[in-house]
Trainee: 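Quick one: the structure is below, questions incoming.
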Amino acid sequence: MPHPFLTRLESFRDSEAVAFEGRSYRYEDLLRLVGEWRLFLDRYEVRAGEVVTLEGAYSPQACAGLLALIERGVVVVPLGTLPAAKRAEFLDVAEVEVVVKVDEGGVHRCERTGRTADHALYRELRDAGRPGLVLFSSGTTGRSKASVLDFDKVLARYGEPTRPSRILSFLSLDHIGGVNTLLYTLSQGGTVVTVAERTPEAVFEAIAEHRVQILPTTPTFLNMVLISGAHERYATDSLKLVTYGTEPMPLQTLRRLGEALPGVRLKQTYGLSELGILPTRSRGDDTLWVKLGSAGFEHRIIDNILWIRSEMAMLGYLNAPAPFDEEGFFNTQDVVEVDGDWVRILGRNSEIINVGGEKVYPSEVESVLLEVENIAEATVSGRPSPVTGMVVKATVQLVEDEDRRAVTRRVREYCGRRLEAYKVPVLVEISAAPQHSERYKKIRSAA
Amino acid sequence: MLIAADITALVHQEINALLAEAERPTHPTLTGSEFLHELGLNSLLLARLVIQLEMELGVDPFEEEYVISDVRTVGALSDAYVRTVEQLAATAV
């Protein structure tokens, strides 16, 4: 029997579901692809409760694969393109039992890893007969943290179809924002427009060609749009709403954007993979004050820190203690200002470095830096950047004297092979002094 | 003191060094009229360029005076650095 979410999609049969690389897929086409996935999963005997990756670039086939895996009742682990060591770590942490890859062109492959997933959170999902979702974020100890969500709770967030919109999917399916955009749009009978590359040119070309109404994105990307002038080369009259989140928005960028796209509503979103995406209302297009929605969410502010309770909150982390208080509120670590019902998010009260919306924990980069030849000690901190908000800066102590440029080159080469691009230190400084305070706590003062 | 031509040459040199390191096509003869987005600089490379130039020139024009999203061309980027270095020199006199 089809999952209720798929039954809903059947009612949109003739509407356009996905637009990708100049091709249009109606809901009927998407559901046909889901049918092919069903046969594929049968062939490889993929069963409910198993932990299964979905790897590959965003495509209609990947979207259909996600729907088929939800229907099958598995725990889905969506993964983007990752360095080999990182991918191996993720498969290990998530105890992946089955690897499913979608190649360019839509061909999919399936392999069993030989592992058996037996984590208590997986048992909880299996006992309840519910599909799951595993999303990764950077971890404080160098290992990424894996949040486990109940997929039925994620889907329960989407109400009756009232507002079918044409939405550009900017974030990939290994990000809560990407999953949310896809499933919300489909739940409303709308159209997901996907692009093969996330450049301002490709995105704005797609906006014009597919008459996109909503663009969910990040401040760094919007900065790059303004620099490129892509919004001036393509028609944007279909665009009604630009949403931005995942990192603090510089007020200057917001104001420039308001001037560049007059008549387009600008709205800040707030979401975490642990909690889902909160509905928000911006006080105005040129302000960073927002009202956090209450449907399915509650928030409280303690000592200027935002705590949130969510109906669709994760069950917990696979590899870290669950950071909820006894009432189920989650400490977001975001510092906020308050003005009546309005809040302004100032950024993380932690060591996390936010590079263009991607989160970097210093200790992960530090542990890789210590593998680099001639580095005795390493401390990683954030440094402000007008382009990406922050960049990663490494301060290192050397075993033997070496030219700074040579060290920088070696650090970039080594880290580039081991870490995602945004985690690679942009700036490497050589310190002669020990990088500890007297109490042997690392000194990570921002530059 | 660095003159405008030196600063412009340095900006061009750093752009090409970054592109080469990222294994992207370089542009040996930049005139200044090239659009930054056409050179293959993504947001991370552009962020690195700004940091690299600050290390070389000791100034960050985007700290106060300039807004990065207003800069479209290589020439506009060079100008931002030339003017900032000139202002700094003038206030130091």
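First the proteins, then the strands, lettered A, B, ... as listed; each starts at 1. Remember, predicted model here, so these are calculated numbers, not experimental data.
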Trainee: Hey, which of A:Leu226, A:Leu222, A:Val225 is the one that makes side-chain contact (heavy atoms from CB on, under 4.5 Å) with B:Ser69?
Mentor: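 Among A:Leu226, A:Leu222, A:Val225, the one that satisfies the side-chain contact (heavy atoms from CB on, under 4.5 Å) with B:Ser69 is A:Leu226.
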
Trainee: Between A:Val424 and chain B, which part of the residue has a heavy atom less than 4.5 Å away: side chain, backbone, both or neither?
Mentor: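 Neither part.
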
Trainee: Given a strict heavy-atom distance threshold of 4.5 Å, which part of A:Glu201 is in contact with chain B: side chain, backbone, both, or neither?
Mentor: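 Answer is side chain: those atoms of A:Glu201 sit under 4.5 Å from chain B.
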
Trainee: Going by atom type alone, with no hydrogens or angles, which donor-acceptor pairs under 3.5 Å involve a side-chain atom of residues 76-84 of chain B and a protein atom two or more places apart or on another chain?
Mentor:
| residue | atom | partner | partner atom | Å |
| --- | --- | --- | --- | --- |
| B:Ser78 | OG | B:Val74 | O | 3.1 |
| B:Thr84 | OG1 | B:Ala80 | O | 2.5 |

Trainee: Which residues from residues 19-30 of chain B are near chain A, with near meaning under 4.5 Å between non-hydrogen atoms?
Mentor: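 From residues 19-30 of chain B, the residues near chain A are B:Glu21.
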
Trainee: Report which part of A:Arg412 has an atom under 4.5 Å of a heavy atom belonging to chain B: side chain, backbone, both, or neither.
Mentor: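 Side chain only.
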
Trainee: Rounded to the nearest 0.5 Å, how far apart are CE of B:Met55 and CG of A:Leu427?
Mentor: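 Nearest 0.5 Å value for the CE-CG distance: 5.0 Å.
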
Trainee: Can you say whether A:Arg404 sits under 4.5 Å from chain B via the side chain, the backbone, both, or neither, judging by heavy atoms?
Mentor: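 Interface part for A:Arg404: side chain.
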
Trainee: Nearest 0.5 angstrom please: A:Arg383 CZ to B:Glu54 CD, how far?
Mentor: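 Answer for the CZ-CD pair, A:Arg383 versus B:Glu54, is 4.0 Å.
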
Trainee: Can you name the residues of residues 43-51 of chain B that have some heavy atom under 4.5 Å away from a heavy atom in chain A?
Mentor: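 Result: B:Ser43, B:Leu44, B:Leu46, B:Ala47, B:Arg48, B:Val50, B:Ile51.
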
Trainee: To the nearest 0.5 Å, tell me how far A:Met224 CE sits from B:His37 NE2.
Mentor: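 That separation rounds to 10.0 Å.
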
Trainee: Pairs in or reaching into residues 42-66 of chain B: which pass ring-ring contact (aromatic ring centres under 6.0 Å, His included), with residues at least two apart or in two chains?
Mentor: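 For residues 42-66 of chain B, and leaving out neighbouring residues, there are no ring-ring contact (aromatic ring centres under 6.0 Å, His included) pairs at all.
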
Trainee: Does CZ in A:Arg265 sit with more than 12 non-hydrogen atoms of other residues, nucleotides or ligands closer than 6.0 Å?
Mentor: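 Open.
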
Trainee: To the nearest 0.5 angstrom, please state how far the CD1 atom of B:Ile68 sits from the CD1 atom of A:Ile227.
Mentor: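 If we round to the nearest 0.5 Å, B:Ile68:CD1 and A:Ile227:CD1 are 4.5 Å apart.
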
